[in-house]
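Below: the structure, in structure tokens.
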Amino acid sequence: MEGPVRVRFAPSPTGALHIGGAHTALFNWLWARHTGGQFILRIEDTDLQRSTKEFEETILAGMNWLGLDWDEGPDIGGPCLFYRQSERQDLYREHANRLLETGMAYREGEAVIFRVPQGVEISFDDVVYGRVNVMSETLKDIVLMKSDGMPTYNYAVVVDDATMGINMVIRGEDHISNTPKQLLLYDALGFGRPNFGHLPMILGTDKKKLSKRHGATSVYEYRDMGYLPDAVFNFLALLGWCPRDGREVFSREEAAKLFEIQRVTKRAAVFDIDKLNFINQEHVKALPKMERLEMTLPFWKDISMPVDCHSPAYLADALELMEGRGQTLKRMAEFSDYFLSFDVVKNRYDGSALDEAKKPVLRRFYKELLEIDPWKAEAMEALARNWGETEGIALKEIAMPLRYMLTGGKVSPGIFHVAELLGREELKCRLAHYGMA
RNA sequence: GGUCCCAUCGUCUAGUGGCCCAGGACACCGCCCUUUCAAGGCGGCGGCACGGGUUCGAAUCCCGUUGGGACCGCCA
């Protein structure tokens with residue numbers, strides 16, 4: 001089939017958009033965008049029992065979150081008019097009747113079943129797996145229409161892909177053994193065959209197909225854990241593919257430009273959360289300052305931080321100091337709580353670790369620190385170093401107690417930078433609480 | 001059980017007969033920086049599943065073995 005590439009993602013609305021589905025949708029999107037073709041979204045809701053409108057909505061929302069926009073679909077329509085299988089019933093019935101009339105299919109009960117011919121070698125060239133051959137006698141007859149009047153997956157997918165002009169079918173490798181059956185139907189119905197490209201499966205760390213047993217499987221769970229959509233996209237794109245130049249951190253646009261379906265790998269890939277964390281951190285660091293703030297705000301709110309008590313500029317500065325520490329927005333929000341609230345610091349640190357014997361000398365230093373001018377981290381550090389030298393105190397002896405009093409913990413960005421951002425008044429307040437100012 | 005698919009460091013991968021006694025990234029470990037690491041810099045560990053071929057030469061081609069996986073539903 002010639003013409004522009006037309007690919008599709010065809011989820012069934014029986015659950016949220018999970019990682020495996022997102023991966024398939026992503027590769028279809030990449031190929032459509034890379035070739036300048038069309039990406040079509042079709043809802044396979046022939047399972048009357050399990051399909052719901054709510055799931056359909058969450059799947060679309062999940063794709064939007066990942067930035068996978070489609071050119072035709074149930075919500076925006078398109079030249080095919082109907083993008084839900086439940087709306088395309090006439091088509092399935094009509095083509096099934098054709099098969100019935102020519103004797104290629106028969107009735108059993110209310111169902112329509114395709115008679116698989118014997119002795120036929122079915123083969124196709126998969127863009128990623130290469131040539132696949134199967135003898136037709138290894139196949140059982142194929143149910144086309146179920147007794148409830150709905151088409152089966154293997155049948156509906158053929159009628160839909162053919163009538164919607166899909167010329168490239170990109171889907172999970174678990175469908176590779178369905179392909180010969182579908183090919184038989186393409187031929188019987190007189191439809192031209194599309195090209196096929198199967199994608200490697202995504203496995204859990206136990207090497208089993210990714211499922212709910214492995215924890216988070218819905219893309220929304222990743223959003224809620226503080227992963228950026230661009231990072232999840234980037235990470236998923238790396239499962240089964242990598243750009244020629246070997247770069248591993250890239251944007252959606254770069255991926256679309258560099259993507260080559262011929263370079264997709266065959267081996268199933270394990271979902272490695274460590275790598276996702278790394279990719280996410282890189283994307284968090286690359287985010288424009290105010291955008292990073294925008295993305296982090298919800299996570300601060302989740303842990304009841306008084307975000308409205310601070311200026312956006314201040315909060316954005318705080319995140320900049322964090323330099324992506326924590327890897328996810330959620331953890332970054334947690335690790336930086338002391339910029340927003342002194343209460344959390346007080347709860348974490350009661351001041352008991354302060355060495356009584358050293359308090360007097362520290363008090364003198366902090367007094368001088370609070371009067372420093374200009375109020376700059378560099379000046380503070382210089383002061384601390386001079387002080388340490390003349391008083392015979394290691395910088396550490398000065399910095400660590402300060403870190404505890406300002407942040408409530410032992411880990412933070414450079415403590416004088418923290419102090420600078422917190423401001424003179426806030427610093428005075430925090431030190432005073434611990435009796436050090 | 002039948003059919004199909006897969007097989008490079010722990011993980012993601014580069015590699016399509018000589019450039020590979022196998023390269024990168026994450027993780028891990030170590031060192032450095034140093035006021036801490038959850039930041040940064042540098043380095044290290046670690047792999048072609050096995051056995052036969054083919055070839056002057058194989059991670060790359062062929063066969064077999066083993067090990068994984070998928071499908072075999074009037075689910076998709």
Side-chain angles (χ1 to χ4, degrees), chain A residues 10-15 21 44-51 85 108-113 126 128-130 132-135 137-140 142-157 171-181 198 200-201 203 205 207-209 235 238-249 263 265-279 281-282 285 321-328 331-332 334-336 381 384-385 388 394-404 407 409-418:
Chain A
S12 75
T14 54
E44 309 218 328
D45 55 352
T46 53
D47 184 336
L48 268 13
Q49 269 67 48
R50 300 191 300 147
S51 299
Q85 291 188 329
E108 190 173 287
E110 295 296 301
V112 178
I113 300 173
D126 191 279
V128 346
Y129 284 88
V132 178
N133 304 298
V134 180
M135 289 307 294
E137 46 268 27
T138 65
L139 269 29
K140 291 198 272 187
I142 304 163
V143 176
L144 268 23
M145 300 294 289
K146 305 185 244 179
S147 303
D148 66 1
M150 295 299 274
T152 59
Y153 163 74
N154 277 125
Y155 173 58
V157 77
R171 74 226 307 191
E173 186 257 8
D174 48 343
H175 286 294
I176 208 162
S177 49
N178 282 324
T179 308
K181 300 176 201 170
H198 287 87
M201 298 276 84
L203 276 23
T205 39
K207 305 259 187 162
K208 295 270 191 271
K209 187 173 167 179
F235 173 69
L238 248 18
L239 257 29
W241 174 74
C242 77
R244 271 181 197 280
D245 62 13
R247 102 178 83 152
E248 306 211 312
V249 179
R263 283 177 60 80
T265 60
K266 300 174 184 170
R267 213 239 285 216
V270 173
F271 186 97
D272 179 18
I273 196 78
D274 286 329
K275 183 95 172 210
L276 206 212
N277 285 335
F278 167 77
I279 300 276
Q281 173 159 297
E282 293 303 303
K285 285 197 282 192
L321 276 186
M322 294 303 288
E323 281 184 287
R325 282 174 166 80
Q327 300 185 125
T328 64
R331 283 165 60 196
M332 197 164 73
E334 290 163 359
F335 290 159
S336 62
E381 185 175 336
R385 285 187 190 285
L395 185 55
K396 187 180 192 166
E397 299 295 319
I398 298 170
M400 280 314 283
L402 187 58
R403 173 169 281 115
Y404 270 104
T407 73
K410 65 174 178 178
V411 178
S412 82
I415 198 58
F416 298 114
H417 285 279
V418 173

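Per chain, numbering begins at 1; letters A, B, ... match sequence-line order.
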Polar atom pairs (N or O), protein with nucleotides 27-29 of chain B, under 3.5 Å:
none

For nucleotides 60-69 of chain B, print each protein N/O atom paired with a nucleotide N/O atom at under 3.5 Å, atom names and distance only.
unit_1	atom_1	unit_2	atom_2	d
B:rG69	OP1	A:K208	NZ	2.4

Pairs under 3.5 Å (N/O, protein and nucleotides 45-50 of chain B):
none

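For A:R50 and B:rA76, the shortest distance from a side-chain N or O to OP1 or OP2 is not below 4.0 Å. One finds a side-chain N or O of A:Q281 lying less than 4.0 angstrom from the OP1 or OP2 phosphate oxygen of B:rA39.
Every residue meeting the side-chain contact (heavy atoms from CB on, under 4.5 Å) condition with A:A156, not counting sequence neighbours, appears here in chain and number order: A:Q85, A:Y92, A:P151, A:D160. Under the rule for a salt bridge (charged side-chain N to carboxylate O under 4.0 Å, His left out), A:R263 has no partner lying at least two apart in sequence or in another chain. With sequence neighbours excluded, the residues forming a side-chain contact (heavy atoms from CB on, under 4.5 Å) with A:F278 are A:V249, A:E282, listed by chain and number. With sequence neighbours excluded, no residue forms a side-chain hydrogen bond (donor to acceptor under 3.5 Å, both in side chains) with A:E334. Taking the side-chain hydrogen bond (donor to acceptor under 3.5 Å, both in side chains) definition, one finds that A:E248 meets it with A:K275, sequence neighbours left out. Not counting sequence neighbours, the partners of A:S336 by the side-chain hydrogen bond (donor to acceptor under 3.5 Å, both in side chains) test are A:W300. Under the salt bridge (charged side-chain N to carboxylate O under 4.0 Å, His left out) criterion, A:D174 pairs with A:K209, not counting sequence neighbours. For A:R325, the salt bridge (charged side-chain N to carboxylate O under 4.0 Å, His left out) test picks out A:E323, with sequence neighbours left out. Under the rule for a side-chain hydrogen bond (donor to acceptor under 3.5 Å, both in side chains), the partners of A:D47 that lie at least two apart in sequence or sit in another chain are A:R50.
Comparing the same atom, C1', in B:rC29 and in B:rG67 gives a spacing of 30 Å after rounding to whole Å. Rounded to a whole angstrom, the distance from the C1' atom of B:rA58 to that of B:rG2 is 34 Å. Spacing between B:rA27 and B:rG15 at atom C1', rounded to whole Å, works out to 23 Å. Spacing of C1' atoms, B:rG47 relative to B:rC9, comes out at 4 Å, to the nearest Å. Here the separation of B:rU8 from B:rU60, taken at their P atoms, is 12 Å to the nearest Å. If you take atom C1' in B:rA14 and the same atom in B:rG24, they sit 7 Å apart, rounded to whole Å. Distance check on atom P: B:rA7 versus B:rC21 gives 22 Å, rounded to whole Å.
Distance from the side chain of A:M400 is smallest for B:rU35 among the nucleotides B:rU35, B:rA76, B:rA14. Nearest nucleotide to the side chain of A:K140, out of B:rA76, B:rU13, B:rC72: B:rC72. Counting only heavy atoms from C-beta on, A:R403 has its side chain closest to B:rU35 among B:rU35, B:rC74, B:rA39. The side chain of A:R385 lies closest to B:rU34, out of B:rU34, B:rC74, B:rA38. The A:L238 side chain lies nearest to B:rC12 when the options are B:rC12, B:rU36, B:rC6. The side chain of A:R325 has B:rA39 as its nearest neighbour among B:rU35, B:rA39, B:rC12.
Taking atom CD1 on A:I279 and atom P on B:rC12, their separation rounds to 14 Å, with Å as the unit. Following rounding to the nearest Å, A:R244 (CZ) and B:rG23 (C1') show an atom-to-atom distance of 16 Å. What separates CD1 of A:I113 from P of B:rG73 is a distance of 12 Å, to the nearest Å. Residue A:Y129 contributes atom OH, which lies 13 Å from atom P of B:rC71 at whole-angstrom precision. For the pair A:E137 CD and B:rC72 C1', the interatomic distance rounds to 15 Å; values are reported in whole Å. Straight-line distance from the NZ atom of A:K266 to the P atom of B:rG15: 12 Å, rounded to whole Å. If you take CG of A:N178 and C1' of B:rC5, they are 13 Å apart, rounded to a whole angstrom. Atom CD1 of A:I142 and atom P of B:rA76 are 14 Å apart (whole Å).
Within the 4.0 angstrom heavy-atom criterion, only backbone atoms of the sugar-phosphate kind lie near A:S12; the bases stay farther away. The residue A:F416 sits close to a base: some heavy atom pair falls under 4.0 Å. Within the 4.0 angstrom heavy-atom criterion, no nucleotide atom of any strand lies near A:Q49. Across all strands, A:R247 comes closer than 4.0 Å to no nucleic acid atom at all (heavy-atom distances). Contact annotation for A:T46: backbone-only contact, meaning every heavy-atom pair under 4.0 Å involves sugar-phosphate atoms and none involves a base. Nucleic acid contact class of A:E397 (heavy atoms, under 4.0 Å, all strands): none. Using a 4.0 Å heavy-atom distance criterion, A:G414 is classed as a base contact. Among the heavy atoms of the strands, none lies under 4.0 Å from A:T14. Residue contacts shown for A:A111 include a base, since a base heavy atom lies under 4.0 Å away. Residue contacts shown for A:E248 include a base, since a base heavy atom lies under 4.0 Å away. Within the nucleic acid shown, A:N133 comes within 4.0 Å of sugar-phosphate atoms alone, with no base atom in reach, counting heavy atoms only. Residue A:I415 is in base contact, counting any heavy-atom pair closer than 4.0 Å across all strands shown. A:H198 comes within 4.0 angstrom of no nucleic acid atom, judged by non-hydrogen atoms across all strands.
Base pairing analysis places B:rC37 opposite nothing; no Watson-Crick or G-U wobble pair with both distances below 3.5 Å involves it. B:rG2 is paired with B:rC71 under the Watson-Crick or G-U wobble criterion, all donor-acceptor distances under 3.5 Å. Of the nucleotides present, B:rC63 is the one that pairs with B:rG51 by Watson-Crick or G-U wobble criteria, both distances under 3.5 Å. Pairing for B:rA22 is absent, with no Watson-Crick or G-U wobble pair whose two atom distances lie under 3.5 Å.
With 3.5 Å as the limit, one finds a donor-acceptor pair spanning the side chains of A:H198 and A:T179.
Residues A:S336 and A:L276 both approach RNA chain B. Their nearest nucleotides, taken by heavy-atom distance, put A:L276 toward the 5′ side. Of the residues near RNA chain B, A:T138 and A:W241, the one whose nearest nucleotide (by heavy atom distance) lies more toward the 5' end is A:T138.
Contact of A:S177 with B:rC4 (side chain to base): no donor-acceptor pair of N or O atoms is detected under 3.5 Å.
Expressed to the nearest 0.5 Å, how far CZ of A:F235 lies from CG of A:L276 amounts to 4.5 Å. Note that CG of A:L402 is 13.0 Å distant from CD of A:E397, once rounded to the nearest 0.5 Å.
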